[in-house]
Structure formats: C-alpha cells, structure tokens
Amino acid sequence: MVKTSKNSGPSDKPLENDTNANDIWGGRFDGGPAEIMLKINASIDFDRRLFAQDINASKAHAIMLASTGIISQNDSDDIVMGLDTIFKEIKKGEFNFSQKLEDIHMNVESRLGELIGSAAGRLHTARSRNDQVATDLRLWVREEIDKLDDSLKSLQSVLIDRAEDHASTVMPGFTHLQTAQPVTLGHHLLAYVEMLGRDRGRLSDCRDRLNESPLGAAALGGTSFPIDRYMTAKELGFSRPMANSIDAVSDRDFVLEYLSIAAILGVHMSRFAEEIVLWCSVQFSYVHLSDSFSTGSSIMPQKRNPDAAELVRAKVGNIIGALNTLLVVMKGLPLAYSKDMQEDKLPVFTVTDTLNLCLAALIGMVGEMDFDKDRMQADAISGHAMATDLADWFVKDLNMPFRDAHHVTGLLVRLAEEKNVELNQLSLDEMQSISPGITNEIYKALRVTDAVSSRSSFGGTAPKMVLAAVLEARKRYLNI
C-alpha cells in the first residue's frame, strides 16, 4: 500500500503567475486564455492542499501502469522518485505554484517533467483530471474524518471526566428555558457525550461509503488500456473501485454527506456553546471560565466575556452555509463532470478548518470550567422545581391517580406563589388545607438531593446512574 503522507498543508508561498505553462490543451487551441480566464479558471490557490493526496494517488497509478505493462518499470520508478522529490519540495516551501497551470495536478505534472524529462508525460496515461481530483478529494476527506474522530473522542473524554466529577452536583434542568426539574450536572454533560457519539457514528458511516476509488474512471467512460483498478484501490487503502465510471467522476454526494454531518455536529457544538454563554452570565453565574478563554472590554472594566464560546456559536453559521453552498452548486448539474464542481473544495476546507478550531476551543473550555455548585443547587430548588416530585409522592404514598395528583400539586404551587414562598416552605397545615391526606412525610419528597437520587430509571439523573453511565460511556466511546 502506498503510504499516505501526513501533512499540515503546503507552503503559503505566493503563486508564481509568470510561470510558463505546459501546453495543457494540446493542439486544439492556438491562443492562450485571457487574464481574467486564468483567474476564474485556476484552483491552485486552494486545491494545493490536496498535494499529498495527489502525489500518493499518482504514485499508485504509476506503479499500476508498470505492473500491467502499460509503461516500463524504469519510467514508473523515475515517476515515483520524482513525485517523492516534489512532495519534499512542497513540504519545505520550496515549490513554485503557478496559476497558469491551473491546479495541483498540472503543477505537479509540470514539475515532474522538469525533474525526470519525457517519462513524466506517461503518468497521465489511462486517467483524467476528472478521476484524479475525485480520488484526491476522497483521500483528503477520509483523512480528515479520522482526525475529526480523534478530536470528538477527546471532547467526549473531557466531558465524561467532568461528568464523573459532578455526578452528584445538583442543578436545575430546563424546558423552554424555564426551571423544570432538578437534575445533576454530570447527567447534563453526558447528554452532549451521547450527541457527539452519534456524530462520530455518522462520520464512520460516511467514511465507509466514500471509501471507494474513482481512479481509472478517466474522463467519464473508463479507458481502453488494460488497467487494474483493484490494484490502485488497494494501494490507496480503498475498499474497492467505484462500479460506474460516470458516477465516479460526476458525483459529490460524499462531500455533501460530510458537510451535512458537519452541520449537525456544528449544531451540537453551538447549543453547548450557548449554554456556556448563559451559564457565564451574572444572571446564571453557574460557570467561571478561565482567563485562557475569556476576554475583557475596552470600556467596561468589570466585563468578563465568554468570547470563545460565542465564536464557536457564530462559526457554526459558516458550516451550515458551506453545506448550502455545495447543495446549490450540485443541484442542477447534468452528468458527468462540469467545471462547477471545482467549487466543491472550498466548502470542505472551510468546514474542516472551522470544526478543528471550534473543537479545540471547546475541549479547552470544558477542561478549565469552574462550576459554582452552591448557586446551581440554590436555583435547582427555586421556581417550584420540585412540583413533579410532589405529584409523584401523591401517587406513591397516597395512591392518588396521577391526573388528580397533578391537579392538587398545581393548587399547592398556586398557594406557594400567593405566599411568595417555595413549596417546601409551606406549613403542613397550609398543605392540608388543599389536601387533608398530606402527612409530614411530604417534606422528604421536597428535598432536592432525595428527589434527584430517586430518579434511578435507566438513563436517569440519579448520581448512581450517572456514575454507571460514565463507566459505560468510557467503554463505548473511549474503549476504556
């Protein structure tokens, strides 16, 4: 198998616009393109990021061409050697990218000709830039999915650790952003662990589907040369070659799927970021962010802003926008390849960079967040949050139908509101004025720690269930 080169991206060295272009189009054209055509047609300023994938795929293709007798072994060896040299040049920032050569494919091929001579012209036998770019992009997305999975796993890990630390920390649970029932902070954090787990599952499914090789599909109809597409697929780590040459070069559903998953993941990140923003506010005061992830104000000395969380929330808009961009690009294209598809890479690169940045910020924030347990528990009791537990007590201890219990509890809530007290501050006589069967045992049901501990159904918020869920999450998601 051709070893995939790990890279952080090609050099940011400026494009060499005065580079003499090879005669890419052969004898069909007499004159060169207009200057504006060069600018709109070229993609090298962004598809240079595919250099490692392009070189690896070209090496696999050259090895296969020699194995099948289409080119000589000597030419294949020279091509592979030259491609290795180009890879090193790009990594060192010593490669001159030319806009006149349009894209990463022709930039590499032109330099290969300078290095090894006429043998470089044999590399493009039995392939097209159509199957070449489709192969490169699949390889790139596949690598990025693996990296994203590692980052998601890291975020899950820190969330699980914090959940274990706060398995018994009581906080208010919300619906409609209104106090609903007391829950544990550990339980709340584990909700995001599950969301991220599904995101990882979707990425894995996407990886499996995209892991087919377009190489050898050529422009759209295959080739008359006796190539071995199974060989190149294996060399590049693909599970198989794509079954239809038109489909291989013309579809980008793997990119759309990747961007769709990224958008769903982005929504999860944004919702968590929004909660961090709320929890850091004076009105909540549940969380204190470290200096590492906070900023101040140029005019208000007292301000401590959760800018990192706010920016995660905002940047998800770019992810959703990138998905919409490519959906619109692809929606009206007839088969097979159209130049419109050159615009598939910018959304992918933008989304991937954004995801990596946001995930790193979230991992850092979660690891350093300091929670105010006392404030959270105080809010967990306020707002008559124990009303559901009170209704449950009527059902279990007084054998009252739940609908009747709900009604009686509502009357008690109204009474507490009229007296401007919490439910547990009502006297027994006041409670019995609503329902004579109430006994002093009712106050046990109104203790927040008891209420939280009682919710021990599978998937519930009881501390013992949270600790069990922590162990299970480590097994399922972290392989611990």
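Basis for what follows: all heavy atoms, side chains included, without hydrogens, waters or symmetry-related copies.
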Between [X] and [Y], a side-chain donor and acceptor under 3.5 Å:
X: K339; Y: Q342; result: yes
X: S433; Y: E430; result: no
X: T184; Y: H187; result: no
X: E310; Y: N305; result: no
X: E275; Y: Y192; result: yes
X: R48; Y: N107; result: no
X: R138; Y: Q53; result: no

Exceeds 12 heavy-atom contacts within 6.0 angstrom, atom [atom1] of [X]:
X: R271; atom1: CZ; result: no
X: N399; atom1: CG; result: no
X: H406; atom1: NE2; result: no

Is there a side-chain contact between [X] and [Y] in this structure, where contact means two heavy atoms from C-beta onward sitting under 4.5 Å apart?
X: M330; Y: M341; result: yes
X: K59; Y: E235; result: no
X: D149; Y: R207; result: no
X: V287; Y: D370; result: no

Validate the cation-pi geometry between R142 and Y258: distance from NZ or CZ to the six-membered ring centre under 6.0 Å, angle to the ring axis within 45°.
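No, a cation-pi geometry is absent between R142 and Y258.
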Measure from the side-chain N and O atoms of [X] to the backbone N and O of [Y], and report whether any donor-acceptor pair falls under 3.5 Å.
X: S435; Y: M431; value: no
X: E194; Y: A191; value: no
X: N211; Y: G237; value: yes
X: R229; Y: L215; value: yes

Hey, what do you get for CD1 (I319) to CD1 (I261), rounding to the nearest 0.5 Å?
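I319 CD1 to I261 CD1: 12.5 Å, rounded to 0.5 Å.
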Value for OG (S382) from CD (E422), rounded to nearest 0.5 Å, stands at 5.5 Å
Please assess I90 against F97 for the test side chain to side chain contact (heavy atoms under 4.5 Å, CB included), listing each intermediate value before the final yes or no.
CA-CA 9 Å; I90 296 176; F97 292 96; 4.0 Å; yes
Take M242 and S213 through the test side chain to side chain contact (heavy atoms under 4.5 Å, CB included) and record every step on the way to the result.
CA-CA 5 Å; M242 295 186 72; S213 175; 5.7 Å; no
Non-hydrogen atoms of V466 and T461 that approach each other most closely
CG2-O, 3.6 Å
Might you point out which heavy atoms bring C358 and K315 nearest each other, and give the distance in Å?
SG-CB, 4.0 Å
Go through the structure and list residues passing salt bridge (Lys or Arg N to Asp or Glu O under 4.0 Å) with D199, not counting sequence neighbours.
R202
Sorted by chain and residue number, the salt bridge (Lys or Arg N to Asp or Glu O under 4.0 Å) partners of R209 (sequence neighbours excluded) come out as E257
Please report the C-alpha distance between L326 and L256 in whole Å, then the side-chain angles of each, then the deciding distance to 0.1 Å, and finally whether the side chain to side chain contact (heavy atoms under 4.5 Å, CB included) criterion is met.
CA-CA 7 Å; L326 191 56; L256 291 170; 3.7 Å; yes
In terms of ring plane angle, is the pair W279 and F371 parallel, tilted or perpendicular, where the classes change at 30° and 60°?
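Answer is perpendicular, since the angle exceeds 60°.
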From the list D136, D353, D54, side chain to side chain donor-acceptor pair (under 3.5 Å) with R49 holds only for D353
Pick one: which of L423, I438, N424 meets side-chain contact (heavy atoms from CB on, under 4.5 Å) with L390?
L423
